[in-house]
Amino acid sequence: MGEKDVTSSKKAKSLKTTDPSQNPYLSHMYDTDVNGYGNAYGNDNYCGNGHSEENTLAHFKRHATTAEQAYKAEDGPNNPFTSQPLTKKYFKILQTRRDLPVNKQRQEFLDMFHSTQILVFVGETGSGKTTQIPQFVLYDDLPHLYGKLVACTQPRRVAAMSVAQRVADEMDVRLGEEVGYSIRFDDKTGPKTILKYMTDGMLLREAMHDRDLTRYSCIILDEAHERTLATDILMGLLKEVALRRPDLKIVIMSATLDAQKFQKYFTIEKEIERRTLRIEAPLLAVPGRTHPVEIFYTQDPEKDYVEAALRTVLQIHATEPEGDILLFLTGEEEIEDACRKIALEADEMIREADAGPLRVYPLYGTLPPAQQQKIFDPAPPPSRPGGPPGRKVIVGTNIAETSLTIDGIVYVVDPGFSKQKVYNPRIRVESLLVSPISKASAQQRAGRAGRTRPGKCFRLYTEAAFKKELIEQTYPEILRSNLANTVLELKKLGVDDLVHFDLMDPPAPETLMRALEELNYLACLDDNGDLTRLGQLASEFPLDPALAVMLISSPEFYCSNEMLSLTALLSVPQIFVRPASARKRADDMKALFMHPDGDHLTMLNAYHAFKGPQAQADPKGFCHQHFLSLRALQSADNVRMQLKRIMEKSELELVSTDFNDKEYYTNIRRALIAGFFMQIAKKDGTGKTYKTVKDDQSVLLHPSTGLSTDSEWVVYNEFVLTTKNYVRTVTSVKAEWLLDIAPIYYDLDTFPKGDIKTALQAAEKKIQRRKAMKGGR
DNA sequence: GAGCACTGC
């Protein structure tokens, strides 16, 4: 097969640059001298019989192999999965792999894997579990001989990509062939793929179309302790699939001491045909490889944690030996502020106390990638030979706790707080709240100090507070979210009886009731709680139910093309940027796109300008000039493409009203109501305040709005709870439209008495009068 | 006249 065949693949995708070796955040994971592999993704003439008799795995007995056999096969000379001669690079990596802590327990792992269907595996940081366990499984499960795959899930995309690349290197294959990955917008797998790293959300999507996950012979859920929504649902699902598919092997990998909880959860006992079926889930633990971290507590509680944090950082700089510092704070503003203060104080220390140079870097999710990358710059050297050490301080959010790993951190300062999502089912609002972290989180933070050598962690709370006040684990996401989307997914997965669906931590009944109610109003579920045709369609879209319903209904309003754009814009980060240093100029630029009837329309105008020929000639320049986020707009483009494909597949019409038609914007405003009729607020009469229709909450229009405050009724995209109650991204609508488009929700016979009902009744009369006039003509 | 912790489809 010629080189040309390999590179001229039809499947090569160009949506995004996804070569993980190009990812600056992962550069520390790659040996610079081992870059001999391109990422050309090949779809060659493989016909399913490439693994022939001479294959060293030929005599392996499935689910009865030994570690010794696997070692032999791994030792070459040929690659047991491709029959190709193994390269030098492979053997070099093999040496380091054999040194990993998991490797010592390979036989033990296999024994356990053979003896059971579900296995709980606990491996601490540095044990090598994410890269090695899936390979241990491959050599025993031999999925290529059965036309199956092994899947390994990750909570984050970058992890799925980078680990897949690493394992492809370890196995001496091209990424996308035997080893691949699958994440939203990027599928690097092919017909030869036997090991697939993927995001947990991606596997959940697949399950919606293949409830028994028949493509897989083994599913490995990695980082299960993070308890993402997708992981929790998958675990519940896998418990059921395990009973339907005795041939499916399941490995749950976790990093915490909470392993017994997983073990207990996966011990299944079920009566089938008067026989008791019992699946035990044995537990295997492997030590990690990290350096010790000494923990320090404060003597007394700190009143002002930011002030205490700054003091601690400066004290470390003044008194501790060489090594970088990581400080955890809660959000952008707090971090930027702290960075300024640290830099100022450090300058003074350098001038007056002969301290070493100190460089300060902020780190949070919304920071542009180029600036995020700076945290990997080396610390400054001492200002004179033999002088006090220079160092860097990184002031970051929780992103530094799991998502990004920075080597060289020796000192961690942990004030013990983070912003967490909380959901209040009573007022049906999700909000962000600064809250104390959990013990597990505190341990994870401390661990960041011991990656390269022994370190120190300064906790800005007392030891007693740590022991008594911090909860063990952060509450899993499923207990902190609006579950409308989750319930829709579960229904699509065939879970009819939600109350008895076995989740590891069942949410409050009220949260479930709220979700069912919301889906019922959206006509996604009927009165029996069964999925409707609309619900079926909505579940196909990777969107919140209200957005999905809005999009599906949009052809009826002759504006599905526009709603496609708007839906995409509403599911990416804010497209308007407003740097603190140029607020006025940013506002002036936004004014160019402003539509007086609403922020949704303003967003759409900006998007259309971005898609225009002038902007497309130089998107970067256009965005910079107009204070728009190129990243957000490009991401909206990606989302739009994906949604458009689903629209086409579902045979939903793509239509527009002529731009010069006077109904162009009216149609869009009406279409908003089809999904967001539960998010309407009415002016309170007295002045600036509005009242929500849903639960009579007093709210203000968010100051970022371009809408004049004289609109009687508005539809809002979100409710933000900060110093005040705000509704954000608002567009003016009419009461008549509400009655017309959402007659069940706005049924005047059952609508609760009050100002809103009176106003709706007036609108109803107006409609009747108009009808009568038309009828009389 | 305010503020987006972090993921994911």
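First the proteins, then the strands, lettered A, B, ... as listed; each starts at 1. Worth saying up front: this structure is predicted, and the values here are computed from it rather than measured. Quick note: numbers below take in every heavy atom, side chains included, and nothing from hydrogens, waters or symmetry partners.
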Contact letters for nucleotides 2-9 of chain B, in which S counts primed atoms plus P, OP1 and OP2 and B counts the base, heavy atoms under 4.0 Å: BBBBSSSB
Pairwise salt bridge (Lys or Arg N to Asp or Glu O under 4.0 Å) hits with a residue in residues 578-587 of chain A, at least two apart: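 Every pair satisfying salt bridge (Lys or Arg N to Asp or Glu O under 4.0 Å) with a residue in residues 578-587 of chain A: Arg578(A)-Asp587(A), Lys584(A)-Asp588(A).
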Sequence neighbours excluded, every pair satisfying salt bridge (Lys or Arg N to Asp or Glu O under 4.0 Å) that has a member inside residues 722-732 of chain A: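 Salt bridge (Lys or Arg N to Asp or Glu O under 4.0 Å) check on residues 722-732 of chain A returns Glu718(A)-Arg728(A).
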Assigned glycosidic conformation for dC4(B) [threshold 90° from 0]: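 Nucleotide dC4(B) adopts syn.
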Non-neighbouring partners of Glu333(A) that pass side-chain contact (heavy atoms from CB on, under 4.5 Å), sequence neighbours left out: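 Listed in chain order: nothing, the list is empty.
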Set of residues satisfying ring-ring contact (aromatic ring centres under 6.0 Å, His included) with respect to Phe501(A), sequence neighbours excluded: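 With neighbours one apart ignored, the set is empty.
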Set of residues satisfying side chain to side chain donor-acceptor pair (under 3.5 Å) with respect to Thr228(A), sequence neighbours excluded: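 Applying side chain to side chain donor-acceptor pair (under 3.5 Å) to Thr228(A) gives Asp200(A), Thr231(A).
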